[in-house]
Amino acid sequence: MRVRFAPSPTGALHIGGARTALFNWLLARHEGGELLLRIEDTDRERSTVENVEQILDALRWLEIDWDVGPILQTARSQRHGEALQALLDAGHAYRSGATADDVKAFKLLHGANRGFRGAEEPDGAVRLHVPNEGATVVHDVIRGETTFENVHLDDPVIARADGSVLYNFAVAIDDLDAGITHVVRGEDHLSNTPKQLLVLEAARAVGLDRSGGRPPSPLPIYAHLPLLHGPDGKKLSKRHGAASVQELRDAGYLPAAVRNYLALLGWGAGDDATVLSTDELIERFTLERVSRNPARFDETKLKWLNGLYIRNLPLSELTQRLEEFTGRTGLEQAARISQEKIHTLADFLPLAGPLLDGPAEDPKARERWLGDDGRAALAEARGALEQAPTFDEGSLEQALGAVIERRGAKPREVYQPLRVALTGTTISPGIFESLVLLGREEALRRIDGALAARS
RNA sequence: GCCGCUAUCGUCCAGGGGACUAGGACGCCGCCCUCUCAUGGCGGAAACCCGGGUUCGAAUCCCGGUAGCGGUACCA
């Protein structure tokens, strides 16, 4: 088995593209096949080398590796030219000066009952001859058979007048030459498949599948994946938050969690399993279990899953990822006490930052917890902290517990003023853990600051 | 417009003629745990798009409608 992922470098790698890459990768790894990476850069207007780099980056971040490539489609222009000429010579394709407007006018006149057939002219763009009779049938592992009546199909332009080839031609020739056995891609390509099948048919008729003396290859098996939509059911876009892999990374998601979540979009293990390691995904992935319905990208569920993955990370790895993400060092203790409270790497600094960098500014929190009662409790807590025999979680809990008891207070009536004094806010890691992280001296300093702030 | 794909809780995924009182997960609601926020535990609300047909029996098969989406480029 040989599959391919073939993005076009007209932008960053989108989540939909990432899902397609993942499914191809899971399939190849499950079957012990090969994954080929091909960059479809025949769109001269929109393809850029920066985008190519970004796509490779995104795949590497996702830890999706490939066995062959990356192959640039434009690097194969010589072969494309030969193949094109072969079809031209054999009369499977022809040149025509007809423009897109001509096609539109033709459709207006004839409706859908006739596909556009151009006049053969000495020069102009190259169109493929589509027969008026018969039908082209796409056999799809996921969708079964889809029949396209040839008479509905326009003769597609397969190359510009200057000989540079277009997608529907290049993709067919490249898949043929690369010996691709399974074409797994988004459903948006389903309607293009008959054109590619027709190109393939013509290519095989002139012996292009036997170029270089190789044996003729069978047609690839097709699998068209359901599309991914934004939370509103519309096409995924910037408006939906993280739409590209880069944005997912910047939002603090873990690659393993992203793979797990993406695998669940359009596929299910079949036994209600939701949390699946990458090994399990590889083990269990089959095309037969891919669903036909479009799926919506729901960041809430990703967030939950990511939180789960973060909680299951060894502390050393979490620390390393947090340090990489924030560009800081010495985060291990803060990471330890934040681990079960964050859902993304990006949640870390808002939670633990005040501990590390000094109290946050939150007037509401001060007003609510550092009034007269709060300050009285805080002053008493300060004394207990100063007196505590050792400054570890156990003895602090004991010392502060005694304060609570003595005052006949609810625990929060002591802990919240203390928390606000320490961090400036009402949300933080556990109070004892936070105290230990700060150390006695710094903790007392912050408490004194809070007591002095306003009388 | 035309061609095509799709249709189960708000979302994702099961179920594919009787085992359905339709299952799991996220989210939501309630309770418990609790120093805040989380985590964890327990419980709850929540769906077979509509209409015909086939059948003893339809969420499941067929047809139609509707809706969503894709394609209809000298984009991919």
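Each chain gets a letter, A, B and so on, in the order its sequence line appears, and its residues count up from 1. In what follows, every heavy atom counts, from backbone to side chain, and hydrogens, waters and symmetry copies are set aside.
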[M] and [N], which share atom name [atom1], separated by this distance in whole Å:
N: B/G51; M: B/C69; atom1: P; value: 24 Å
N: B/A46; M: B/G23; atom1: C1'; value: 14 Å
N: B/C2; M: B/A58; atom1: C1'; value: 33 Å
N: B/U55; M: B/U60; atom1: P; value: 16 Å
N: B/A59; M: B/G71; atom1: C1'; value: 30 Å
N: B/G15; M: B/G68; atom1: C1'; value: 23 Å
N: B/C9; M: B/C63; atom1: C1'; value: 28 Å
N: B/G1; M: B/A22; atom1: P; value: 39 Å

All ring-ring contact (aromatic ring centres under 6.0 Å, His included) counterparts of A/Phe348, not counting sequence neighbours: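 Once residues adjacent in sequence are excluded, A/Phe348 has no partner under the ring-ring contact (aromatic ring centres under 6.0 Å, His included) criterion.
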
Earlier contact from the 5' end, RNA chain B, for A/Pro411 and A/Tyr261: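 The residue closer to the strand's 5' end, by nearest nucleotide, is A/Tyr261.
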
Most 5' of A/Glu149 and A/Ser47 on RNA chain B, judged by nearest nucleotide: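 Nearest-nucleotide comparison on RNA chain B picks A/Glu149.
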
Are [X] and [Y] side-chain neighbours, meaning at least one heavy-atom pair lies under 4.5 Å?
X: A/Arg407; Y: A/Val403; answer: yes
X: A/Pro411; Y: A/Ile404; answer: yes
X: A/Asp154; Y: A/Val130; answer: no
X: A/Ile173; Y: A/Gln196; answer: no

Interatomic distance, [X] [atom1] vs [N] [atom2] [rounded to whole Å]:
X: A/Arg412; N: B/C35; atom1: CZ; atom2: P; result: 10 Å
X: A/Lys301; N: B/G24; atom1: NZ; atom2: P; result: 13 Å
X: A/Asp272; N: B/A22; atom1: CG; atom2: C1'; result: 12 Å
X: A/Phe148; N: B/C3; atom1: CZ; atom2: P; result: 12 Å
X: A/Leu190; N: B/C5; atom1: CG; atom2: P; result: 7 Å
X: A/Tyr415; N: B/C37; atom1: OH; atom2: C1'; result: 16 Å
X: A/Arg143; N: B/G71; atom1: CZ; atom2: P; result: 13 Å
X: A/Arg46; N: B/C74; atom1: CZ; atom2: C1'; result: 14 Å

Counting side-chain heavy atoms from C-beta on, which of [options] comes nearest to [X]?
X: A/Ser428; options: B/A73, B/G27, B/U36; answer: B/U36
X: A/Glu187; options: B/G71, B/C74, B/C5; answer: B/C5
X: A/Gln416; options: B/A38, B/C26, B/C35; answer: B/C35
X: A/Thr426; options: B/A76, B/C5, B/U36; answer: B/U36
X: A/His343; options: B/C3, B/A38, B/U72; answer: B/A38
X: A/Asp154; options: B/U72, B/C37, B/C3; answer: B/U72
X: A/Asp188; options: B/G70, B/G40, B/C26; answer: B/G70
X: A/Ile427; options: B/C35, B/C37, B/G71; answer: B/C37
X: A/Leu227; options: B/G70, B/A25, B/A76; answer: B/G70
X: A/Ile431; options: B/A76, B/C35, B/C74; answer: B/C35

Within the 4.0 Å heavy-atom criterion, would you say [X] contacts the bases, only the backbone, or no part of the nucleic acid?
X: A/Ala98; result: base
X: A/Gly307; result: nothing
X: A/Thr146; result: sugar-phosphate
X: A/Ser191; result: base
X: A/Ala125; result: base
X: A/Thr300; result: sugar-phosphate
X: A/Pro7; result: nothing
X: A/Gly270; result: sugar-phosphate
X: A/Glu340; result: base

With a 6.0 Å cut-off on the ring centroids, do [X] and [Y] count as close?
X: A/His189; Y: A/Tyr167; answer: yes
X: A/His139; Y: A/Tyr222; answer: no
X: A/Tyr261; Y: A/Tyr309; answer: no

For the student: nearest non-hydrogen atoms of A/Trp267 and A/Thr286, plus distance: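 That would be NE1-O, 3.5 Å.
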
Stems involving RNA chain B, each a run of at least 3 consecutive Watson-Crick or G-U pairs under 3.5 Å: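 Result, WC/G-U stems under 3.5 Å: B:1-7 with B:66-72, B:10-13 with B:23-26, B:28-32 with B:40-44, B:49-53 with B:61-65.
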
Verdict with reasoning, A/Lys301 to A/Glu299, per salt bridge (charged side-chain N to carboxylate O under 4.0 Å, His left out): CA-CA 5 Å; A/Lys301 190 164 183 176; A/Glu299 201 172 340; over 6 Å; no

Distance-only donor-acceptor test, A/Asn192 side-chain atoms vs B/A76 base atoms, 3.5 Å: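 For A/Asn192, whose side chain was compared with the base of B/A76, there is a donor-acceptor pair (under 3.5 Å).
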
No-H, no-angle donor-acceptor pair, A/Lys104 side chain to B/U72 base, under 3.5 Å: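 In this structure, the two groups form no donor-acceptor pair.
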
Carboxylate-amine/guanidinium contact A/Lys341 A/Asp347, below 4.0 Å: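 Salt bridge between A/Lys341 and A/Asp347, a charged N being under 4.0 Å from a carboxylate O: no.
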
Residues A/Arg292 and A/Asp140 bridged, charged N to O under 4.0 Å: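 Salt bridge between A/Arg292 and A/Asp140, a charged N being under 4.0 Å from a carboxylate O: no.
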
Cation-pi, A/Phe23 ring and A/Arg19 (6.0 angstrom, 45 degrees):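 Because its charged atom sits under 6.0 Å from the ring centre and within 45° of the axis, A/Arg19 does stack over A/Phe23.
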
No-hydrogen, no-angle side-chain donor-acceptor test under 3.5 Å, A/His80 and A/Thr42: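 Looking only at side-chain atoms, A/Thr42 and A/His80 do not form any donor-acceptor pair under 3.5 Å.
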
Neighbours of RNA chain B within residues 288-296 of chain A, by heavy-atom distance under 4.0 Å: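 Result for residues 288-296 of chain A: A/Arg289, A/Ser291, A/Arg292, A/Asn293, A/Pro294, A/Ala295, A/Arg296, sorted by number.
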
A/Arg311 side chain near B/G40 phosphate (N/O to OP1/OP2, under 4.0 Å):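 Result: yes.
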
A/Thr42 vs B/A76: side-chain N/O to OP1/OP2 distance below 4.0 Å: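 Checking A/Thr42 against B/A76: at least one side-chain N or O falls below 4.0 Å of OP1 or OP2.
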
